[in-house]
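Here is the structure we will look at, set down as structure tokens.
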Amino acid sequence: MKILVTGGLGFIGSHTVVELQNEGFDVVIIDDCSNADEKVLEGITKITGKQPQFEKLDLREKSKVADFFQRHKDIDGVIHFAASKAVGESVEKPLLYYENNIGTLVYILKELCEKNKASFIFSSSCTVYGQADEMPITEDAPVKPAESPYGNTKQMGEEIIYDTCKVVSSLQAISLRYFNPMGAHPSAEIGELPVGVPQNLVPFITQTGIGLREELSVFGDDYPTQDGTCIRDYIYVVDLAKAHVVALRRLLDGQNDKNYEVFNVGTGKGSSVLEAIQSFERVSGEKLKYKIVGRRKGDVVEAYADTTKANTTLGWKAEYTLDQAMKSAWDWEQKIRK
Ligand code: WQD
């Protein structure tokens with residue numbers, strides 16, 4: 001089986017390519033390398049012993065997308081990671097996000113609708129829930145008005161797929177709503193490579209730990225939570241990668257109940273910012289320098305997944321603990337700074 005992974009050199013994409021290859025799939029990666037380094041290919045190859053095919057392509061060029069599918073008629077499935085994902089940047093450059101995240105999705109879906117059968121996995125996000133009314137969050141929780149154009153592109157992406165699957169029965173699709181991905185492959189050959197100052201908590205923690213950042217700013221400790229800091233569902237990136245393979249197999253093997261399904265992918269456990277810091281201190285043996293500052297605009301108080309549907313219907317469950325995931329992030333940080 002041949003699988004196209006768009007954005008396959010990225011953080012979650014590269015870990016998913018590894019798991020696909022481990023399961024015997026042939027993988028072809030498309031990446032425009034705008035937020036990923038071609039050297040990631042070496043890391044993937046070192047882990048699996050197989051170099052995936054790679055094409056550097058800008059999926060915003062419709063003719064290039066059509067040409068790719070002309071040359072790769074034997075694609076059985078697509079896992080679509082390629083997208084811009086910086087929440088703050090999306091507020092500054094909305095059209096860049098709508099063109100890149102929506103335009104490319106439409107071009108790929110149009111190609112897949114030409115095939116007799118196509119399996120499609122969409123990289124979505126818990127961002128679609130905004131601040132959910134109840135915890136843990138189920139897939140039936142209402143989708144709330146997006147806080148950012150980035151979040152809106154995930155909501156719109158899901159709607160576009162849903163509307164297409166309603167009229168194209170040959171298209172089988174699953175949206176995976178990620179909670180907070182973190183960590184790195186246990187081999188420390190691939191991991192998160194944030195460009196510039198990390199926006200996300202975990203890479204900022206490890207970069208502070210290694211001395212690259214002066215200290216971590218904790219964005220507010222006056223939230224209505226047990227220790228006052230925000231709560232998130234931090235999921236180990238290898239667990240998340242494996243969820244993509246399980247979801248893809250569900251479609252390829254025709255096990256899906258409907259031709260469009262949605263699953264939350266998280267651990268089901270919420271951890272506060274301070275608990276994440278304590279986890280880092282436990283696994284690294286280092287004290288982390290941090291200070292409490294004001295809240296960050298757009299942050300929700302808490303978000304963690306109800307994983308019942310993923311555990312029972314999809315048949316996938318996160319296996320790694322926060323400490324194990326944090327340890328992998330720290331090992332990776334130490335390795336790349338050597
Ligand atoms: C986590 C917590 C911050 C940095 C984002 C995207 C989401 C998804 C995951 C793509 C929050 C706090 C953070 C820092 C801090 N990305 N924090 N100091 O915002 O939950 O989700 O990444 O799909 O779409 O929105 O993740 O890691 O930025 O923040 O105190 O320097 O850590 O306030 O409570 P977030 P995050």
Side-chain angles (χ1 to χ4, degrees), residues 7 10-13 35 80-91 97 100-101 122-132 135 137 143-144 146-155 157-158 175-183 192 194-209 212-237 240 243-244 264-267 270-280 288-305 322 325-326 329:
F11 174 38
I12 304 163
N35 189 30
H80 185 49
F81 292 102
S84 305
K85 58 143 216 153
V87 174
E89 183 189 47
S90 76
V91 176
Y97 274 69
N100 194 33
N101 294 10
F122 180 62
S123 166
S124 190
S125 168
C126 63
T127 302
V128 304
Y129 298 115
Q131 177 54 73
M135 290 299 138
I137 305 174
V143 169
K144 297 229 173 135
E147 303 264 340
S148 67
Y150 162 76
N152 204 22
T153 64
K154 291 302 177 186
Q155 292 178 5
E158 289 194 7
S175 286
L176 296 179
R177 291 174 177 167
Y178 310 159
F179 280 70
N180 285 56
M182 65 169 284
E192 196 166 3
V195 175
V197 179
Q199 296 306 304
N200 294 127
L201 176 67
V202 172
F204 207 110
I205 286 179
T206 56
Q207 287 192 12
T208 304
L212 210 58
R213 306 289 160 199
E214 185 48 39
E215 67 179 344
L216 170 75
S217 297
V218 174
F219 299 141
D221 69 346
D222 57 350
Y223 285 98
T225 61
Q226 176 242 341
D227 64 18
T229 62
C230 296
I231 290 168
R232 294 290 184 274
D233 184 332
Y234 295 98
I235 174 164
Y236 184 36
V237 65
L240 177 58
H244 288 76
N264 285 341
V265 186
T267 64
S271 302
S272 73
V273 175
L274 292 181
E275 284 171 330
I277 292 171
Q278 287 144 24
S279 170
F280 172 78
L288 190 84
K289 209 157 171 297
Y290 69 89
K291 64 181 175 193
I292 308 290
V293 299
R295 296 180 173 190
R296 180 174 67 176
K297 198 173 152 315
D299 273 339
V300 296
V301 184
E302 61 181 334
Y304 55 94
L322 175 62
M326 190 64 80

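Read the numbers this way: they start at 1 and go in the same order the structure lists the ligands and their atoms.
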Apply ring-ring contact (aromatic ring centres under 6.0 Å, His included) to Tyr223 and list each qualifying residue two or more places apart in sequence or on a separate chain.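 For Tyr223, no residue satisfies ring-ring contact (aromatic ring centres under 6.0 Å, His included) once neighbours in sequence are set aside.
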Non-neighbouring partners of Phe81 that pass ring-ring contact (aromatic ring centres under 6.0 Å, His included), sequence neighbours left out: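 Applying ring-ring contact (aromatic ring centres under 6.0 Å, His included) to Phe81 gives His244.
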In order of chain and number, which residues sit within 4.0 Å of ligand 1 by heavy atom?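 Val87, Ser125, Thr127, Tyr150, Asn180, Gln199, Asn200, Leu201, Leu216, Ser217, Val218, Phe219, Cys230, Arg232, Tyr234, Val273, Arg296, Asp299.
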Non-neighbouring partners of Asp221 that pass salt bridge (charged side-chain N to carboxylate O under 4.0 Å, His left out), sequence neighbours left out: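 Not a single residue meets the salt bridge (charged side-chain N to carboxylate O under 4.0 Å, His left out) criterion with Asp221.
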Indicate whether the side chain of Glu89 and that of Tyr150 have a donor and an acceptor atom separated by less than 3.5 Å.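 No, no side-chain donor-acceptor pair sits under 3.5 Å.
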Classify the side-chain pair Ser124/Glu158 by whether it contains a donor and acceptor separated by less than 3.5 Å.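 Per modelled atom types, Ser124 and Glu158 side chains form a pair under 3.5 Å.
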Can a donor-acceptor pair be found, under 3.5 Å and without considering hydrogens, that links the side chain of Gln131 to the backbone of Val301?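 A pair under 3.5 Å: yes.
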